[in-house]
> 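Would you mind keeping the following structure in view while I ask a few things?
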Amino acid sequence: MERQYQHKKIEKKWQAFWQDKGLFKVDTQDRAKPKYYCLVMFPYPSSELHVGHGRNYVIGDAVVRYKMMRASLVLSPMGWDAFGLPAENQAIKHNIHPKEWTFKNINRIKSQLNSWGIGYDWEREVTTCIPEYYKWTQWIFLKLYAKNLAYKKEAAVNFCSSCKTVLANEQVVSGRCERCSTEVVQKDLEQWFFKITDYAQRLLDDLELLKDWPQRVKVMQENWIGRSQGVSIDFSVEDKEFKINCFTTRVDTIFGATFLALSAEYPLLDKLIEDSPDKEKIRQFIEKIRNQPSSARLQEDFQKEGIFTGVYAINPMNGIKIPIWISNYVLMEYGTGAIMCVPAHDSRDFEFARKYQLPIIEVISKPQAISHKLQAIKEAYEGEGVLANSGHFSGLGSEEAKETIASYMEKNSIGKREINFRLKDWLISRQRYWGVPIPIVYCDKCGIVPVEEKDLPVLLPEDVEFKPTGESPLKYVEDFLNTECPRCGSRAKRETDTMDTFVDSSWYYLRYICPRDRDNIFNPQDVNYWLPVDQYIGGVEHAILHLMYSRFINKFLYDLGLINFKEPFCRLFTQGMIVKDGAKMSKSKGNVVSPEYIIDKYGTDTMRLYILFMGPPEKDAEWQDEGLQGSFRFLKRCFRLLEFVEGKEPEENKEKLSVLDKKILRKMHLTIQEVTRDLEGNFQFNTAISRVMELVNEIYRGVQSTEYRVQSSILREAVKTVFLLLAPFAPHICEESWGILGGKDSIFKENWPEYKEEFLKEDEIEIAVIIRGKVKARLLVPAEISSKDIEQKALSSQKIKDALKGASPKKIIYVPGKLVNIVP
RNA sequence: GCCGAGGUGGUGGAAUUGGCAUACACGUCGGUCUCAAAAACCGAUGGAGCUUGCUCCGUGCGGGUUCGACUCCCGCCCUCGGCACCA
């Protein structure tokens, strides 16, 4: 009987079956089986998905189905990160409401995911732009506000003039807007911030708890948090009342400090230069530096520039007068905006000192190097060494001196130990329409007043002119804007900024547990049972933004006592991009591969299998249409296996297995072992699939052999195993085949096959005999052969005798089960 | 500049972590079936050389350790990613 692989029919049939039977529906109260929470980063619903997006969901689904077969209760939810700028921009362009545009896309993507056979518990669907959800985003804001972790301040902020809104630090890439690449400018504006810096140390320390996160992601977060340990030192200024505070990590070099440098934004500049004769010239210089765009710093040819203030500071360690300069290489955003400069041991200070002929004094001698006192120094030495020219600290090692000098300074009130972070507070206000309203009211009498919890949600009005103006569109919605003060009842105005969408996505994984709860953000008992997420899957582009913010919010909720886990995601998997013709798939490049076409021609199982087979999932991979056909060929080949076993009564005579039976049985158990190991490791789907291919090849070889009895029960078992092992990757064809093989229910209700050690053993093994790194002979020997016997056998082989040419071997090494190495 | 990942056939990629380099797949070539094509199946396929079953060479480059190195150590080169006057 000829079997046709009719993918269209099969795939529709089983997608309907899963939906009818509620295969992915999970009761979060159920404690009967071990829980497994598999979370795939929820998408922003822009246009429809292409195969480049697909990898994420296909990997997630393979994990979910595999874990189901391993008898876990698997939670696999999906939702929509549905607020955000693109909706608004599209809406403006095409004159459609952002809400309408967003829901149109949601429906489109949802039907795509369904047609790919990706299994989700849709009853848990979460959409960040509906009041049911954003009520609780506002609730989190209020909780943060109550703990002084949400605050408003005027600050120089990043502003994108194209998106007409401010951006968080994390959203500025190389001085440009991460979304539209417009150069970001600095603006002084009143904005809302979350005080993530309070959590800097914990965010850093707890990276250690994340054993199953990719190292690179942890390193990125570490760099972003940017902790450095040092000393802040007060320098008194000649003829002035105030002191200049500098932070340094190299307090050991303080005797080599020959000048101070201040940022052009340094707050005390006016007071500092008020008596300077060159006041006007200095002012002009400051003005010039302030007007340099922040992106100028990133250019290769950025020139260090400076001007002398005419004022001197005193080095507190030796009382020496050192000039105070203003320079463009000092950042106001980091440390204090003032630095002590040690040109001999810092390359930047060195470059500056050279340019303006400032003195360079060496205070750290390189180990083993003789001091070249009078010779010109060619470059700054930044390494460790022994202190010289450093008063009674001379002779100390630099590491030791850091401690000794810091202690001395603390004792004498010159300075104190300090820790600085690169991480800044998270700027969350956006002057745009399509986002969560910030639940704050401004009252003339009471000032800033939070909306009361019982009054949540503050609804986002829908009838709005949402054109970008640089101000929030909500400013012009009278009904929204005018309200009563929750405290005194007098007339008040609402905050009109909305929240950054990263706030929405920083807690969605908690809401999946109780998505329809009207009275609580979630039920702590259930959340504590289901969380932390066992497996999180998503793109590496979220390594800093989303993953840092989520960790922060999680820790905050932990501090409130609402949850009992410190980190939200146990294991993180970041998949690589699928590229086509060497570039990321995008509509503008015209290299998008349409999943609809592929599914129509080959089926989603082929697409899924190819996506998983194309390479290690954590690496980028190049899409090749020929590879796709290979997967299609393989699935057809699998389906044809059914012909060999269907309708044939299996013989039950395991006692007398034929040689071929034994071979296939062994290969089957070996394959189970290897595929399981590949999946339990770091999701090596590509090798897992290749091993099933090997098993299939082996079965075909067996069946084609004339001696093989196709009624063999072993053959039947092997074919079943092929579909069980393939089920997480190509679920539809496996369900169909399972039914044909007599399965009564879904294949995903079956247990994952287990291998038995006893079947892996071989009676005879092949041993390679190696001389000078070359295989000279292959011997078929009993598996349990002794090293003495194998040596003898090897030496008596004619090929080996020829190769040795009469020389007697110096040494023979037998690696059991593998090879014999003869050293002549 | 600092940190991280990587470099293996014509291509995507394997290699149980020190043990037969190139599994599996794509592509190419040859064959079977066919009037023919497609599909399917079988076989060959790292490079060079000749005496055609053997010899050299071969995992970015150069050294080293070892009976044995894609794997470990030292020194370089290149590609990608992150951070970047962070004091």
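Note that the structure is predicted; figures quoted are calculated from it, not measured. We name chains A, B, ... by the order of the sequence lines, and we start the count at 1 in each one.
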> Syn or anti for B:G60? Use the chi torsion, O4'-C1'-N9-C4 for purines and O4'-C1'-N1-C2 for pyrimidines, with syn inside 90° of 0.
anti
> Can you find a donor-acceptor N/O pair under 3.5 angstrom joining the side chain of A:Arg216 to the base of B:C3?
no
> Categorize A:Arg422 for me: base, sugar-phosphate, or nothing, with a 4.0 angstrom heavy-atom threshold over every strand shown.
base
> Looking only at atom types and distance, does a side-chain atom of A:Asp678 sit under 3.5 Å from a main-chain N or O of A:Ala688, one as donor and one as acceptor?
yes
> Enumerate the residues from residues 243-259 of chain A whose closest heavy atom to RNA chain B is under 4.0 Å, giving them by residue number; use none for an empty result.
A:Phe247, A:Thr248, A:Thr249
> Just checking A:Lys619: base, sugar-phosphate only, or nothing, at a heavy-atom cut-off of under 4.0 Å?
nothing
> Please verify the inter-ring angle class for A:His7 with A:Phe632; under 30° counts as parallel, over 60° as perpendicular, anything in between as tilted.
perpendicular
> Write out the stems for RNA chain B, ordered by first number and formatted as range with range, counting runs of at least 3 consecutive Watson-Crick or G-U wobble pairs under 3.5 Å.
B:1-7 with B:77-83, B:10-12 with B:24-26, B:27-32 with B:40-45, B:46-50 with B:53-57, B:60-64 with B:72-76
> If you measure from the C1' atom in B:A38 to the same atom in B:U55, how many Å do you get, rounded?
44 Å
> Using heavy-atom distances to pick each residue's nearest nucleotide on RNA chain B, tell me which of A:Leu331 and A:Ile767 is more 5'.
A:Ile767
> Could you check, using the six-membered ring where one of them is a Trp, whether A:Phe613 and A:Phe685 have ring centers closer than 6.0 angstrom?
no
> Given the P atoms of B:U16 and B:A48, what is the spacing between them in whole Å?
29 Å
> On a whole-Å scale, what distance lies between the C1' atoms belonging to B:U11 and B:U22?
13 Å
> Determine: side-chain N/O of A:Ser347 to OP1/OP2 of B:C85, distance under 4.0 Å, yes or no.
no
> Does a side chain donor of either A:Gln229 or A:Arg417 reach within less than 3.5 Å of an acceptor in the other side chain?
no
> Given the rule in the side chain to side chain donor-acceptor pair (under 3.5 Å) test, do A:Thr336 and A:Asn245 qualify, once you have shown the distances and angles that lead to the verdict?
CA-CA 7 Å; A:Thr336 60; A:Asn245 184 250; 4.6 Å; no
> Check whether the side chains of A:Glu694 and A:Thr671 place a donor and an acceptor atom closer than 3.5 Å, and report yes or no.
no
> Have a look at A:Asn821 and say if it touches a base, only the backbone sugar-phosphate, or nothing, with a 4.0 Å heavy-atom cut-off.
base
> Syn if the chi torsion is within 90° of 0, anti otherwise; quick check, which is B:U65?
anti
> Taking atom P in both B:U34 and B:G47, compute the distance separating them and give it to the nearest angstrom.
34 Å
> Any base atoms under 4.0 Å from A:Gln704, or only sugar-phosphate, or nothing? Heavy atoms, all strands.
sugar-phosphate
> Going 5' to 3' along nucleotides 21-26 of chain B, which nucleotides have protein heavy atoms under 4.0 Å from the base (write B), which only from the sugar-phosphate (write S), and which from neither (write -)?
--BBSS
> Please work out if A:Val219 contacts a base, only the sugar-phosphate, or nothing of the nucleic acid, heavy-atom cut-off 4.0 Å.
sugar-phosphate
> Mark yes or no for a side-chain to base donor-acceptor pair under 3.5 Å between A:Lys810 and B:C67, with no hydrogen or angle criteria applied.
no
> Could you check, using the six-membered ring where one of them is a Trp, whether A:Tyr700 and A:Phe644 have ring centers closer than 6.0 angstrom?
yes
> If you look at every strand shown and take non-hydrogen atoms under 4.0 Å, does A:Val692 touch a base, only sugar-phosphate, or nothing?
nothing
> Using the P atom as the point on both nucleotides, what is the distance between B:G68 and B:G31, in whole Å?
46 Å
> Please state the C1' separation for the pair B:A69 and B:C78 - nearest whole angstrom.
22 Å
> Pick base, sugar-phosphate or nothing for A:Lys776, based on heavy-atom distances below 4.0 Å to the nucleic acid.
sugar-phosphate
